[in-house]
Each structure stands twice: as structure tokens, then as C-alpha cells.
Amino acid sequence: MMTQTLSPGTTAQPHGPSRRTFLKWSGVAAGVAGLAATTTSLGTPKVAAADAEGIADADRTVWSACTVNCGSRCPLRLQVKDGTVVRVLPDNTGTDELGNQQVRACVRGRSIRQRIYNPDRLKKPMKRKEGTKRGEEQWEEISWDQALTEIAEKMKDIKNRYGNEAFYIQYGTGTLGAVMSCSWPPNNTPMARLLNAFGGYLDHYSDYSTTAITQAYPYFYGTWVNSNSFDDVANSKLQVMFGNNPIETRMSGGGHTFVTQNIKREHGVRTIIIDPRYSETSVALGDEWVPVRPGTDAALIAGMIYVMVEENLHDQAFLDKYCLGFDEDHMPEGAPKNASYRAYLEGKGADGVAKTPEWASDICGVPAADIRRLAREIANAKPAAITQGWGPQRHANGENTARAIFLLACVTGNPGIPGGGTGAREGARGLGVGTSFYSEFVNPSNKIISCFSWLDAIDHGPEMNTFNAGVGVKPEPGVRGLKIPVDENMQPENTSLEVPIKAVFQYASNSLVNQTGDNNESVRILEDESKCELIVTTDIMYTVSARYSDYVLPGTSTSEEFDYHAGANGGPMAYGIVSQQAIEPMYETKSIFDICTELAAKLDLEQEFTGGKSREDWLREAINGSREDDPALPTWDEWKEMGIYRRNDGPVITMKDFREDPEANPVPTPSGKIEIYSERLANLAKAWEFGVFRPALAGDVLTPLPEFVATWEGALEARENADHPLQVIGHHFKGRTHSSYGNVNLLKEAHTQTAWLNPIDAEARGIANGDAVYVFNERGTVQLRALVTPRIIPGTVSIPQGAWYKPLPSADFSLPAGANGERPVDVGGSVNTLTSLHPTPLAKGLPSHTVLAQVEKAEKGALERIEAAYYQPYNADTAGVSKED
């Protein structure tokens with residue numbers, strides 16, 4: 001096993017660990033005998049013969065898929081006996097060659113049987129009992145006919161009183177990797193087609209993963225662009241990853257894990273990981289870990305670029321030809337003097353401070369000598385693959401952080417070339433299968449809000465407009481960001497909401513509570529049914545969010561339906577999966593297509609919704625119709641038989657055409673160039689309003705340059721906050737995909753919910769590894785175990801996101817001084833019990849890594865309480881259900 005060192009500037013074995021070593025470090029191979037059959041995909045170089053064959057006397061083996069939102073998409077082969085899924089097998093096609101690799105599901109997908117037969121499965125439609133509050137979990141089981149009749153009548157009533165913009169499809173990505181059962185984006189869901197036929201709905205842009213970066217793109221590159229694919233790193237001299245952690249977030253054995261480790265093993269490209277946490281990607285790929293304080297990447301980058309300019313290491317020729325705003329000679333006409341990025345570096349801008357490595361070091365915590373060394377290494381590596389994950393932009397200054405990482409790629413001249421990249425997240429090949437099922441109808445309403453603004457739109461919708469809340473109009477098809485119209489002088493125009501959200505439809509989502517900000521405040525808003533009058537949740541599980549609904553409808557799992565699933569692996573291999581129905585729908589579950597069809601019938605819209613076609617008709621049309629543009633694709637019937645289709649389309653080189661001929665292929669900014677200085681943002685900053693619905697805080701500002709902005713509850717404020725001196729972030733977790741799989745006990749045993757705490761911070765608080773602790777601020781308190789480890793930068797706590805919120809009365813606890821005794825204690829360990837609903841300044845996105853808190857050791861007996869709560873089912877059978885004949 002390689003020697004790993006955790007201090008900045010140290011190196012690891014050039015070619016990284018074996019897959020077996022990675023498995024051991026991940027904590028999966030040891031400790032849980034019941035998981036032995038699920039570790040094959042990450043633990044062996046080839047599928048073992050016995051595992052490939054499965055159970056000899058199974059009735060049949062069918063292709064299925066894991067469709068949760070990890071960014072990969074993995075095929076599964078389900079063995080069925082006597083109508084029951086008895087074994088889950090991995091992909092047995094393809095090879096170990098990059099571009100034709102087997103797509104081996106990780107431990108999450110391999111545990112899918114524990115999802116199919118989970119005690120939390122929803123079994124029958126349920127209605128909240130009259131006179132009870134949302135969240136009190138008092139239900140009555142009702143028939144499908146009663147549920148859909150009542151929902152339809154309530155929809156008609158709300159439409160009559162408020163119009164169609166009172167309807168909202170809640171953000172959720174629980175079945176992201178499907179076509180007919182897709183839950184995001186909202187306009188590609190069955191409920192969207194139904195609501196379009198019903199007259200439209202209030203749309204949302206972006207997603208909880210990428211809201212800030214989605215709105216950063218238009219003001220830098222003009223639109224969303226990926227970086228080069230991971231296999232193209234073979235052409236790089238250096239790889240630099242800002243908060244990019246594919247081996248944990250997208251750990252499919254045939255996807256990102258396979259691609260990144262294959263390139264590392266075959267080409268040995270030096271890799272620098274810049275992250276507050278020593279992630280699994282740092283372990284498996286990293287040659288150097290640069291610990292950085294959360295939310296300070298833009299300061300680190302400014303310090304590095306200062307050195308590059310000072311030593312003439314930057315690519316001035318690229319900046320002159322392709323960019324606008326780096327220096328005073330390349331600014332938009334009419335821009336103020338000393339408004340360029342170089343002026344900002346040199347202290348000639350408004351703040352008058354030179355962005356030296358010493359200045360940057362004081363903010364980000366990286367020693368000035370290391371900043372100088374990193375600047376020289378990154379600038380001199382020709383080419384360098386610079387990428388960012390989506391953690392750095394999930395801060396209150398996230399838009400600027402994303403643009404700063406884009407800028408580093410540009411200053412070093414890397415966009416549009418092999419081995420380089422744009423500074424965005426890695427791209428991947430895809431097959432481009434679409435469906436007319438969604439494109440047939442266009443939403444009659446063109447209003448759109450941030451995916452994070454829906455609670456505001458419930459609470460005070462008619463007061464929201466473009467300038468105070470980021471309300472906009474729908475962009476062109478395929479554009480992911482918010483469109484803010486401008487006049488002939490590029491002055492922004494205002495758009496307002498007319499009504500609040502009155503009806504929320506949630507499918508395959510746990511984002512009413514749990515995956516949004518400030519769980520306790522979210523509950524307070526949702527409890528008031530005079531505001532939002534109708535909440536309908538469709539899911540396979542009795543989730544946290546289901547508790548706060550009016551109607552809960554039981555959906556089918558992937559094993560109980562069929563669909564098409566587009567794959568993504570960060571490399572050259574494009575692939576797709578056609579899954580088959582393995583078993584009959586359990587209990588009284590229905591597919592979302594069937595639910596919407598029956599609801600459409602109640603609204604006299606069945607023909608408009610189905611178009612006279614079955615679910616399989618639409619899927620057949622999607623596949624066979626796509627063959628007109630891509631004849632190499634299999635037919636629907638061929639694909640059903642083969643399960644997975646793959647092909648090697650080579651590496652992705654993003655912006656290659658622009659690099660080769662920027663005049664013929666301009667980027668879609670007003671100037672046609674990469675805009676380091678955005679005149680549109682400068683104009684928007686004059687109109688933008690803060691402090692309208694909640695107090696304005698530090699960092700509520702728009703800047704035309706990708707400057708470092710100090711924020712509320714950021715690294716600088718932590719120094720002054722004696723009550724809550726620790727920054728809290730939430731990392732993605734091997735045991736869950738967001739909250740999906742979060743109720744599978746086998747995975748809970750292998751991957752325990754803990755608060756990562758540096759030994760320096762733990763010792764100061766008398767905390768030992770494994771102790772029960774409180775993590776708290778004024779918004780809430782969580783209780784969980786401490787993981788004391790040098791793999792987290794001092795001054796920072798990391799709590800894996802996605803754990804299921806489980807509040808208990810605070811009176812039952814001996815809370816530390818400073819904890820908010822007015823709010824419950826979350827023994828489920830959801831980091832969003834601590835996060836805020838205060839949005840990012842431009843995108844109005846979630847700043848879930850901008851949090852300050854304190855940590856204290858919990859009282860005796862707390863560990864037993866945590867263990868009891870951690871493994872208790874969340875199912876509706878324990879939640880006061882009454883059954884009606």
C-alpha cells in the first residue's frame with residue numbers, strides 16, 4: 001500500500017492505488033459481511049465468474065439500471081425467481097479497455113434489492129388527516145380514485161382563483177437517469193406535460209447542485225460549457241482539480257472511477273487536489289493535496305495569477321485574442337478606468353489592495369510560498385487540465401468562485417486544446433436520445449425562478465421580481481440559466497411574479513425538507529397551509545419530504561417498469577441502457593406515467609396527455625426517431641434485448657472551434673469573446689436589490705470581475721465569531737446519492753454518518769474519535785458521531801449531505817450553551833438542519849457550504865440514542881396510519 005501524507009506539498013505514489021486498495025480505504029471491504037456480494041464492482045478488476053453467472057435456477061435475468069442522481073448511470077442485471085428479485089448482478093458486457101469498459105455499478109446500485117423491498121416502501125395512496133399539521137404524520141389510506149379525484153378538484157379550484165402560475169413542480173433528481181420516469185428538469189417530466197396541457201406552471205431554472213455556476217456561465221462563456229473529458233487528461237502535463245471528487249460522487253466502477261484511474265495508471269499525470277477535505281479522489285488520484293479554507297478559492301486564484309503576471313508566466317496572447325477584460329487595453333467601451341482584472345490584482349481597483357500571495361494566504365490558509373510554487377507549476381505546465389467540481393460554487397460567493405476557476409484556465413491558455421480545458425467540470429460523450437413526449441407541448445407560462453426560491457415564492461411570491469429575487473423569463477431551449485432581458489443599451493428589464501405558489505407537485509424528490517436549506521425554517525413555512533394549499537408527493541419511499549405533504553402517492557421502482565437511461569462516464573464511451581420490467585408493481589404502486597394519465601382523465605385531458613400512445617409507444621418512438629440522426633443506434637427492440645449499447649466516440653475537446661477560429665465561432669456573449677469583465681453584470685449590479693425579504697448580509701454584491709468576495713458565515717467571519725467559529729461544509733457520500741439509498745441499512749452500517757473534525761479542533765473541545773457530539777448554530781442542532789481525522793482542514797467540519805432529517809424535542813436533550821433550544825435536535829444528522837435559506841447574490845441559489853457552527857461533546861447516553869434513531873425505519877406504518885375500507 002502506498003504511503004499517504006496529508007500535509008501540503010507532499011506527494012503520493014504516481015500511479016495511484018489499485019482498485020482493491022481503494023475499496024479498503026473506502027471502508028467498504030471490511031466490517032459488513034452482508035455487503036460482500038455488493039463490492040465486486042469496485043473491488044476486483046474483472047467480474048468474478050460466480051458473480052457473473054448468479055443463481056443457476058433463477059427464472060430469468062433482465063436488464064435494469066440504477067437511476068439516481070450521481071452523474072453516472074449504471075446497468076444492473078436483476079435475477080428473478082417466483083416473481084421476486086433474488087440477485088443483483090453487474091454488467092457482464094464490454095471489456096477492461098477504456099472506451100469499451102464494463103459499467104460496473106457501485107455498492108449503492110448493487111444494494112438496490114434493499115430499496116425494492118425496503119420497509120419504507122409506500123404501499124397505498126395516503127391523505128393527511130383533516131385537522132392535523134403537515135409533519136405530524138397522521139395519515140389515512142385512501143383509494144387511488146379518491147386521491148386523484150380530490151387532487152383534480154383542488155387543482156381546478158386553485159386555477160380558478162390564482163391562475164396557472166400558482167402551480168409548481170418541485171425540484172428533484174431521484175430518477176434523473178430515465179426518460180418516461182424522469183423527475184428533472186421539470187419540463188422533461190410527465191407532470192410537466194400534464195400541467196402544460198392544463199395551462200402551464202411556474203418553471204424553475206438550474207438545480208441544487210449547480211445553481212451558482214449555472215448563472216456564472218452566461219457572464220463569462222455566454223452559456224454552459226463543460227471542460228474536456230477525463231480521458232483527455234492523457235494529453236495533459238498537469239491536472240488541477242478544485243473541489244472535484246468524482247471517485248466519491250460518481251464512483252461507478254465503469255464510469256468516472258474507471259476512467260480517472262485508467263488515465264492515472266497508464267499516463268501518470270501529476271494531479272493536484274485543491275479541497276478543504278482530503279477526499280477519496282485525493283487518495284486515489286492525488287499527488288498533492290492543497291487544503292484551502294471553504295469559500296476562498298477565488299482569493300487563492302488571485303494570488304496565483306498575481307505571481308503569473310509578475311513573472312510574465314501568463315498567456316497574454318490568448319487573453320488578447322480570445323478574452324475581454326483582463327487588462328486596461330482590452331475592456332468594453334465605456335468601462336470605468338482601472339476596472340480590469342489586472343488592475344484588481346495590482347491594487348488599482350476600488351479596494352486598493354494588491355492581491356499578493358501574502359494577501360491570498362491570509363484568507364485561504366495556503367502558505368504564500370506554496371501559492372508562488374503552484375502558480376509557477378500551473379503556468380508552466382503546457383497544457384494543464386483545470387476542472388472544478390460543484391462544491392466550490394455552493395457558497396454565498398459561488399458565482400464568483402466559479403468564474404475565478406474559469407479565469408485560471410484562460411490565463412494559462414488552456415481552453416479549446418487537447419490536454420487543456422475550460423476550468424469547468426469534465427465533459428463526457430453521450431448518445432443524444434431525445435423524446436417528443438416532452439417537446440410536443442410548450443409551457444404557456446414563461447415565468448421562471450431559481451430552483452432554490454420556491455419557498456420564497458410560497459411565502460411572498462407577488463413581491464418577487466427580477467431585481468430583488470432573480471425572477472426571469474424562460475430561456476431558449478437547451479439554455480440552463482436564467483434569462484434576464486436587456487434593452488438596446490444592455491440595461492436589464494424587470495419581471496415580476498403575480499401570484500404565490502399555491503400547489504406543489506413533487507416526484508422522486510426529497511427537497512420539500514432535507515435537501516433544501518434550513519430544515520426547521522422550511523418546516524415552519526410548509527406548516528402554514530394558508531400559504532401553499534396543496535402538496536402532492538409521488539415516490540417509492542416514505543421520505544422526509546413525504547411527511548410534509550397533503551397526499552402521498554406510491555410510485556413504482558425501476559424494477560417494476562421499463563425505460564431508457566442515458567449513461568455518462570467522464571470519458572470517450574457513449575452508452576445507454578434500456579431497462580425491462582423485472583417484477584409486477586408491488587402493493588398498489590403505479591408508474592408516474594400511469595398516475596398522470598389517470599389524473600389527466602380526472603381533468604378531462606387524458607387524450608392530450610397520452611397523445612393516444614402507451615408508455616412503450618413513446619419510448620419506441622424516442623429510440624427509433626433518434627436513429628434518423630444517428631443510424632448506428634440500435635432499434636428499440638434490439639436495445640431491449642442487448643440491455644446496454646456502447647461505443648467509443650473519442651475524447652471531448654470543448655471550445656475547439658472557438659479556439660481555432662473565434663471570428664467564425666464566437667461564444668454567445670455580447671462581445672463574442674470570453675468576458676472576464678462582464679458589462680451586463682456591471683449594469684445588473686446597479687439595479688439589483690438586497691435586503692428586501694431578509695436582511696442584507698456581507699457578500700450580497702454583484703461584481704463584474706471574478707473577485708474574491710468575503711461573505712456572511714465565511715472564512716473571515718469565522719475568525720470573529722466566538723459563538724460559532726467553525727465553518728461547516730457537506731460532502732457527498734459513498735453510502736448515499738444525495739438522500740437516495742439513505743434508508744438502506746446495509747449501506748448505513750458500512751458508511752456511518754459522522755462529523756469530520758480535525759484533531760486540533762477536537763482536542764480543544766475534549767472530543768475523541770467516535771464520541772457523540774452536538775453541531776449547532778442559531779438555525780438548529782444535529783447530534784451525531786465525531787470522526788476525528790487530519791483529512792479535514794483545521795477550522796472546518798464536514799458532515800456528509802443527504803442524511804434523513806429526524807427531529808426530536810429539544811427538551812429531551814442536555815443542549816450546550818449557545819444551542820437554540822426553540823428548535824428540535826436532529827438525530828438523523830442532516831447538514832441542512834444547519835444551513836440557511838439566504839440565497840447567493842446573483843443566481844439566488846443555495847449556499848449550503850456557507851455555514852458557521854460550534855461543536856461540543858454530547859452527554860452520556862447520546863451514542864445509544866443516535867444508534868437507535870439511525871437504524872429505525874421511517875415508514876408510514878409507524879406514523880399513525882388509519883385504514884379505510
Side-chain angles (χ1 to χ4, degrees), residues 71 206-221 223-230 232-233 236 238-250 256 260 271-277 279 281-282 285-286 288-302 304-305 364 366 374 378 381 383-412 414-415 420-428 480-481 570 652 654-655 674 676 706-709 729 731-732 840 843 845 847-850:
S206 194
D207 54 77
Y208 279 11
S209 293
T210 67
T211 321
I213 197 172
T214 297
Q215 278 308 99
Y217 275 118
Y219 301 100
F220 197 91
Y221 286 123
T223 189
W224 181 286
V225 297
N226 293 314
S227 195
N228 296 4
S229 53
F230 273 141
D232 179 60
V233 173
S236 306
L238 177 70
Q239 179 173 217
V240 183
M241 305 174 83
F242 284 84
N244 200 356
N245 183 22
I247 287 181
E248 257 173 307
T249 59
R250 298 177 170 183
H256 292 70
T260 54
T271 298
I272 298 170
I273 310 292
I274 300 172
D275 200 306
R277 192 175 67 96
S279 65
T281 300
S282 301
L285 300 181
E288 180 177 355
W289 174 43
V290 180
V292 63
R293 291 176 184 140
T296 66
D297 305 76
L300 171 63
I301 288 166
M304 290 195 292
I305 297 177
C364 70
V366 180
L374 289 166
I378 294 170
I386 299 169
T387 59
Q388 63 180 297
W390 293 331
Q393 58 87 51
R394 220 169 287 129
H395 282 271
N397 56 11
E399 297 93 344
N400 276 24
T401 296
R403 290 195 294 148
I405 301 171
F406 299 158
L407 174 61
L408 182 62
C410 293
V411 168
T412 51
N414 281 297
T422 64
R425 192 159 190 172
E426 69 282 351
R480 293 181 64 173
V652 174
T654 302
M655 298 183 71
I674 296 168
I676 297 168
E707 306 170 13
F708 167 72
V709 174
I729 58 175
H731 63 273
H732 285 35
T840 63
S848 55
H849 297 333
T850 298

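Numbers here simply count residues along the sequence, with the first being 1. Computed from heavy atoms alone, side chains included, the values below leave out hydrogens, waters and symmetry copies.
Rounding to the nearest 0.5 Å places CD1 of Ile729 at 10.5 Å from OG1 of Thr850. With rounding to the nearest 0.5 Å, the separation of CD1 in Ile274 from CG in Leu374 is 6.0 Å. Note that the CG atom of Leu285 and the OG1 atom of Thr260 stand 4.5 Å from one another [nearest 0.5 Å]. Here the SG atom belonging to Cys410 is positioned 9.5 Å from the CD1 atom belonging to Ile305, to the nearest 0.5 angstrom. For the atom pair His256 NE2 and Asn245 CG, the distance stands at 11.5 Å (nearest 0.5 Å).
Here the side chains of Ile405 and Pro392 are in contact, with some heavy-atom distance below 4.5 Å. Between Glu288 and Ile273, every side-chain heavy-atom pair lies at or beyond the 4.5 Å cut-off. Side-chain atoms of Val366 and Pro291, non-hydrogen and from C-beta on, never get closer than 4.5 Å to each other. Under the 4.5 Å side-chain criterion, counting only non-hydrogen atoms from C-beta, Phe230 is in contact with Gln239. Ile301 is not listed as a side-chain neighbour of Phe708, based on a closest heavy-atom distance of 4.5 Å or more. With contacts defined as side-chain heavy-atom distances shorter than 4.5 Å, the pair Pro847/His395 does not qualify. Between Phe406 and Pro706, every side-chain heavy-atom pair lies at or beyond the 4.5 Å cut-off. Side-chain contact between Val292 and Asp275: absent, with no pair of heavy atoms (C-beta onward) separated by less than 4.5 Å.
In this structure, Thr654 contributes its side chain and Ser227 its backbone to a donor-acceptor pair below 3.5 Å. Between the Thr281 side chain and the Ile247 main chain, a donor and an acceptor come within less than 3.5 Å of each other. Judged by distance alone, with hydrogens and angles left aside, the side-chain atoms of Gln388 form no donor-acceptor pair with the main-chain N or O of Arg425 at under 3.5 Å. A donor-acceptor distance shorter than 3.5 angstrom exists from the side chain of Asn397 to the backbone of Gly295, with no hydrogens or angles considered. In this structure a side-chain-to-backbone donor-acceptor pair under 3.5 Å is missing from Arg277 to His731. Between the side chain of Tyr221 and the backbone N or O of Thr422 there is at least one donor-acceptor pair closer than 3.5 Å. Looking only at distances, no side-chain donor or acceptor of Asn414 sits under 3.5 Å from a matching main-chain atom of Gly421.
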Checklist entry - Where do Thr840 and Glu399 land on the side chain to side chain donor-acceptor pair (under 3.5 Å) test, with the steps shown first? => result CA-CA 8 Å; Thr840 63; Glu399 297 93 344; 2.8 Å; yes
Checklist entry - Hey, mind stepping through Val411 and Leu407 against side-chain contact (heavy atoms from CB on, under 4.5 Å) and telling me if it holds? => result CA-CA 6 Å; Val411 168; Leu407 174 61; 3.6 Å; yes
Checklist entry - Between Met655 and Ile674, does a side-chain contact (heavy atoms from CB on, under 4.5 Å) hold up when you go through it step by step? => result CA-CA 11 Å; Met655 298 183 71; Ile674 296 168; 4.2 Å; yes
Next on the checklist: Using side chain to side chain donor-acceptor pair (under 3.5 Å), reason through Asn244 and Thr387 one step at a time and then give a plain yes or no.
Outcome noted: CA-CA 7 Å; Asn244 200 356; Thr387 59; 3.1 Å; yes
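Side-chain atoms of Ser282 and Ser279 include a donor-acceptor pair closer than 3.5 Å. With no hydrogens or angles considered, no side-chain donor-acceptor pair links Ser229 and Asp232 at under 3.5 Å. Neither side chain, Thr401 nor Asp297, offers a donor N or O lying under 3.5 Å from an acceptor on the other.
Under the 6.0 Å distance and 45° angle rule, Arg250 counts as a cation-pi partner of Trp390.
The heavy-atom pair separating Ala424 from Asn226 by the smallest distance is CB-C, 4.0 Å. Annotation for His732 and Glu248: closest pair O-OE2, 3.9 Å, computed over non-hydrogen atoms. Listed here is the closest heavy atom pair of Phe242 and Ile386: CE1-CG2, 4.1 Å. What you find for Ala843 and Ala212 is that their closest heavy atoms are CB-CA, 3.8 Å.
Look at Arg403 and Glu707 and you find no salt bridge, because none of the NZ, NE, NH1 or NH2 atoms lies under 4.0 Å from a carboxylate O.
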